[in-house]
Protein chains: 4
Amino acid sequence: MKIGILTSGGDCPGLNAVIRGAVLKGVISHDTEFVGFRWGWKGVVEGDFTSITRHDVRGLSKQGGTILGSSRTNPFEGEHGGPENIQRMLDENGIEAIIAIGGEGTLAAAQRLTDAGLRIIGVPKTIDNDLAATDYSFGFETAVEIATEAIDRLRTTAESHNRCMVLEVMGRHVGWIALHSGMAGGAHAILIPEQPMGIEEICHYVDSVRERGRAPLIVVAEGFKLDTMEEAHSHLGLDAFNRPRLGGIAEKLAPMIEERTGIESRHTVLGHIQRGGAPSAYDRVLATRLGMHAVDAAYDGAWGSMVTLRGTDIETVSIAEAVGSLNRVPQHRYDEAKILFG
Amino acid sequence: MKIGILTSGGDCPGLNAVIRGAVLKGVISHDTEFVGFRWGWKGVVEGDFTSITRHDVRGLSKQGGTILGSSRTNPFEGEHGGPENIQRMLDENGIEAIIAIGGEGTLAAAQRLTDAGLRIIGVPKTIDNDLAATDYSFGFETAVEIATEAIDRLRTTAESHNRCMVLEVMGRHVGWIALHSGMAGGAHAILIPEQPMGIEEICHYVDSVRERGRAPLIVVAEGFKLDTMEEAHSHLGLDAFNRPRLGGIAEKLAPMIEERTGIESRHTVLGHIQRGGAPSAYDRVLATRLGMHAVDAAYDGAWGSMVTLRGTDIETVSIAEAVGSLNRVPQHRYDEAKILFG
Amino acid sequence: MKIGILTSGGDCPGLNAVIRGAVLKGVISHDTEFVGFRWGWKGVVEGDFTSITRHDVRGLSKQGGTILGSSRTNPFEGEHGGPENIQRMLDENGIEAIIAIGGEGTLAAAQRLTDAGLRIIGVPKTIDNDLAATDYSFGFETAVEIATEAIDRLRTTAESHNRCMVLEVMGRHVGWIALHSGMAGGAHAILIPEQPMGIEEICHYVDSVRERGRAPLIVVAEGFKLDTMEEAHSHLGLDAFNRPRLGGIAEKLAPMIEERTGIESRHTVLGHIQRGGAPSAYDRVLATRLGMHAVDAAYDGAWGSMVTLRGTDIETVSIAEAVGSLNRVPQHRYDEAKILFG
Amino acid sequence: MKIGILTSGGDCPGLNAVIRGAVLKGVISHDTEFVGFRWGWKGVVEGDFTSITRHDVRGLSKQGGTILGSSRTNPFEGEHGGPENIQRMLDENGIEAIIAIGGEGTLAAAQRLTDAGLRIIGVPKTIDNDLAATDYSFGFETAVEIATEAIDRLRTTAESHNRCMVLEVMGRHVGWIALHSGMAGGAHAILIPEQPMGIEEICHYVDSVRERGRAPLIVVAEGFKLDTMEEAHSHLGLDAFNRPRLGGIAEKLAPMIEERTGIESRHTVLGHIQRGGAPSAYDRVLATRLGMHAVDAAYDGAWGSMVTLRGTDIETVSIAEAVGSLNRVPQHRYDEAKILFG
């Protein structure tokens, strides 16, 4: 079989390890031929691809980023987009199947393309760990390690200056990175999208830490929203019109905490550092296994399915079922973490 | 309730995080009073313990080792050992329950003591990940990360000198650390206790790597045994009598490989470095949660049970069922890894 | 002798190692008694100090921050400030000398107090490495390592998305952290306060990298100024009045680069992460040696002097000479780095 | 000019950064053409080389090992060795000069070849930091960081089990790695080749640490010799004849300490892990600068000289003067470290 691979959406530690796992498994077990589409669906739509041999994936599991490049191109858009054009391009080049590594958007597109007759296997990629169909997604654990190391560093500088530190980590819709790094690093409050909270409660934790003679450290997911966000904005004297850039949530919270509690407060935004660099061993193993099993799924003809982690096993589920079910931090996990607050 | 905690057996990254999780959960949710027994069961037998407050566990999740110390004392031995003596000591000091953090030996002892009427909750500790009752045990992932980093380092020196490198990692009865670090680091052969292999097959992988112009890297678990171990010994001209110390398996393999393949070969033994130091974020979260749930199990009166990880949940299982079931690397996981060999 | 130690100004990896080095050297070689002033000069002015024993500095060399706390209090200000009040407090408590660990402000104050008769030894602390009197100051190398690791991470995410990345590091008046981390990480342009540059030249480097098919990565010191900064502001349509917060230089540069070159550009600000956490081995050794030699200088009665690194030796120089001479990146070092640009 | 580069002897973090620095400097400033000899002097003797372009050194500063390979071939030996054969090969291929990156042996050979008329510039490579002509050599600081991290890890496991740990690090003739890592990690004794010590004194430190309730940690350079080494051997009941392999010094010391003090003792040998992997930022900067200045020295026609670090400057010295002067740890540096013993 000749299989095309693509990586789509925001990059994530472990993408290259998936590619390597798939290629080694295919080449060695099935004598598969591989091509890689450049820049995600863009390469599919434009017929832009290149051969990937065993030699090309040498040493790749520890390398961050993706050798194929990524973009947010939608395969249904543009002159050459859509299932018919894509199928024609695949046929012309003898490509029999696609392994699509990407997030919710990519998987949903893969599902629609499969419905239209294309042969696609999905590999879920979400650094936020926001897909319910898999216990963990690769890249997530690496992001948690990076965020935890940042907390370890911020803690000593906070204590030395008796300051409150607010660290913003990734997590647009779900708070897993904040939850795990906050628990690992011993944060005094963890603020996540699933659990809006008022500034008064946040300041309550800050004050309580202060009273025990310690420097408060707060981890906040980028998607966290204050209970009273609008009020907060108006409080800062900013109207909707005159806001060239408000910055992230940490940038907003730090001055609010300082104003209410009188504690000098600083914020740090981890940003892109969470996405790049060598994946942790955990993510390398997970990503390699997902890549291998995606090839098996292709040889099983399980089109429209994706590979996932369940316990310690890699399983296959229907993309149709998997997509759309957000992996929210459940209440009991937040309650568990909350024991450590304040 | 007044609960005593102990840590027993070889140390493991995350022990302190378990202690911290238990103490914070107990103090905050149940107003529990905690004492820590010094040096494992030795402290129980000798009535040597000290109070642990919330203040004592501050910043503890990232600290390697165990603040309580550890030993291999058997609670059934010695003048003051055995269930009756221990129960008397507990009664005299108002200690109502024990949380015992330890490996198979500790858990088996905990089971026997529970059968004799003591109130004990177990927390499984095995850096080798050799207990079937839990998906993963804390400390394991940290050891894998350390071993993987060592592989990453050895790889460049191997390539520069065109040498074969043999890295020995922990794993007395099961090969999980070797399997995961070998997959993550891209080892060319992974040798584990579950899968004895002959020196000829090992050299076959070495030769095949060499032919592709690369420097072979082999990861071997300390408990791996050559198919033809005795033959190997005699081959080196050593008899059973005249062997002051033969060293570990890596030390044995390197010269055997060099002799057969003609490739200059070197060995490295990671040893105690795998045990110490700050736990990874993954292990801090797992250990914290296990500690918290052990306290819940105590308040549930689930004596004789231990806490485990299943998927993403912490569950409770009977120690009696859990002990004795070795978590061997299954054939399909080894076959999966074997794709990457050679 | 009874010596008081203080740490002043922004914290810096290695402060605790200086304290440990001083205390161990004093206690073991001279039977010195030590006290630590709390929160820098604040503790001196308020007579707020505590005893430091050998036991207190155990394991301290690897710990970030400062166990004494820090602040920006000026010892000449306030009701109890000034040389006479301070001398009285020292006399009343039998404190015969002060070891003051701090930056330019602290050292200048130490000089003035010495002129007024106090017995003070200085230890230079500047994470920016901006004091000409010492080859390197502790904390600097750690900050460079952290910044370099961030560059390594940003590089892979930049390449995956074909983006330009702008990383802002510390360096208010001098660009050493940017220079060293940029050289180590292979940045395509390094922007430092000593070398203002126009946006056109920056974009020239960006374009040239792009043409070679790579993703541009720029390191900028926080104190860098565009040749045409004012023009830049007006260009963004912001007037001086209506600027609630403009953010740092990286935040400004990224959109300017994107607008001129058409390359999607992102910025990251490392911020407080550079200050905290365990010092590198290099900084632990340097800081320990500086602490030891500060005690020697006190026993030599070298009041008004400070300890510095020259080549591989720790030497003593007069604070009066040392202060005021900024350690700028010299032209030949910048030219050297510039070879790597574009 | 067309310049050939070679790397010789044991590998060392930073070799690739030297190559990259030289190539970028040459290509950009002088339009130099570069070739790389394979496997050190072997490639010179056999005329085995390959072109190195700017593209080939992309991303190389962070990569451990050497892309050129290394060996211990002596350029004066073999059928095609010696200055005349080498000069003929260079002439036939239009190679006008050699940049030789290597240790004492390589530099001495470079000197002899220069005396015979060849045009060679040396770059000193010694992970042990044993050349007096340079303040520090690249790779050394990385090895110190790795050894220090190992000490940090061993410390917690030592404390948990109340054991003595003996860590063996590199340092055949000089003890710099042991000295710096021991100071940084807070070792209780540092044993180096320059300072033989008897087992009684070592055990004195061990006992004194034990009495303060701590777990002793000893760092020993591989080249350390006991004052009474022969006696020690006979003590273990081993005669000179019947010693198939005695192992390193740490393996010898641990049982001797255990026997004399009664403290359970374990040893760890860091070995090849110190040589491999990504260089620290410090070493990347130093190596890059050395590579750049080696090219400048070639264009200055400074044949027979080598580049060195003096303070913060890269300078040029005659190899003839530099070679043969061992950079021993001076007495005052050992006395300084000794303050921290026990």
Side-chain angles (χ1 to χ4, degrees), chain C residues 17 20-21 24-25 27-29 54-55 58-62 135-136 141-149 151-152 155 159 179-186 212 214 278-289 292-293 309-314 330 332-333 336-342, chain D residues 17 20-21 24-25 27-29 54-55 58-62 135-136 141-149 151-152 155 159 179-186 212 214 278-289 292-293 309-314 330 332-333 336-342:
Chain C
R20 173 174 170 272
L24 289 178
K25 172 71 181 183
V27 167
I28 291 163
S29 297
R54 181 178 182 174
H55 180 80
R58 168 180 170 180
L60 213 57
S61 71
K62 64 174 276 193
D135 276 7
Y136 290 109
E141 199 51 47
T142 304
V144 170
E145 297 289 345
I146 294 169
T148 302
E149 197 189 312
I151 295 173
D152 287 350
R155 181 180 294 291
E159 298 281 350
L179 187 86
H180 276 223
S181 64
M183 283 187 79
R212 296 209 319 282
R214 303 191 54 189
S280 71
Y282 181 96
D283 281 334
R284 295 191 210 176
V285 172
L286 174 56
T288 303
R289 295 181 71 199
M292 288 178 156
H293 284 259
L309 177 71
R310 282 298 183 202
T312 62
D313 293 324
I314 306 297
H332 75 272
R333 288 298 308 275
E336 195 181 87
K338 223 168 165 176
I339 294 289
L340 311 170
F341 284 17
Chain D
R20 173 174 170 271
L24 289 178
K25 173 70 181 182
V27 168
I28 292 164
S29 296
R54 181 178 182 174
H55 179 80
R58 169 180 169 180
L60 213 57
S61 72
K62 62 174 277 195
D135 277 7
Y136 291 109
E141 198 52 46
T142 304
V144 170
E145 297 289 345
I146 294 169
T148 302
E149 197 189 310
I151 295 173
D152 288 348
R155 182 179 296 291
E159 298 281 350
L179 187 86
H180 276 223
S181 64
M183 282 186 78
R212 297 209 317 282
R214 303 191 54 187
S280 71
Y282 181 96
D283 281 335
R284 295 190 209 176
V285 172
L286 174 55
T288 303
R289 295 181 71 199
M292 288 179 157
H293 285 258
L309 177 72
R310 283 297 183 203
T312 61
D313 293 324
I314 307 297
H332 75 271
R333 287 299 306 276
E336 195 182 88
K338 224 168 165 175
I339 293 289
L340 311 170
F341 284 16

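The chains referred to below are lettered A, B, ... by the order of the sequence lines, with proteins before strands, and numbering in each begins at 1. Computed from a predicted structure; not experimentally measured.
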query: Quick one: side chain to side chain donor-acceptor pair (under 3.5 Å) partners of D:Glu149, sequence neighbours excluded?
result: none
Under a 4.5 Å heavy-atom cutoff, which of [options] has the most pairs with chain C?
options	value
D:Glu145, D:Arg212, D:Arg20, D:His293	D:Glu145
D:Ser280, D:Ser61, D:Gly186	D:Ser280
D:Thr148, D:Ile151, D:Leu60	D:Thr148
D:Val285, D:Leu309, D:Leu24	D:Val285
D:His55, D:Met183, D:Arg310, D:His332	D:Met183

Identify which part of [X] has an atom lying under 4.5 Å from any heavy atom of chain D, answering side chain, backbone, both or neither.
X	result
C:Ile28	side chain
C:Asp313	side chain
C:Thr288	side chain

- request: Return the option, out of C:Val27, C:Asp152, C:Val144, with the maximum number of heavy-atom pairs under 4.5 Å with chain D.
  value: C:Asp152
- prompt: What residue in C:Arg58, C:Lys25, C:Lys62, C:His180 has the most heavy-atom pairs under 4.5 Å with chain D?
  reply: C:Arg58
- prompt: Of the backbone (N, CA, C, O) and the side chain (C-beta and beyond), which part of D:Arg155 lies under 4.5 Å from a heavy atom of chain C, both, or neither?
  reply: neither
query: In Å, rounded to the nearest 0.5 Å, how long is the span from OG of C:Ser29 to CD of D:Glu336?
result: 10.5 Å
- line: In terms of heavy-atom contacts, C:Glu141 and D:Tyr282 come closest through OE2-CB, 3.3 Å
field: pair C:Met292-D:Leu340: side-chain heavy atoms closer than 4.5 Å
entry: yes
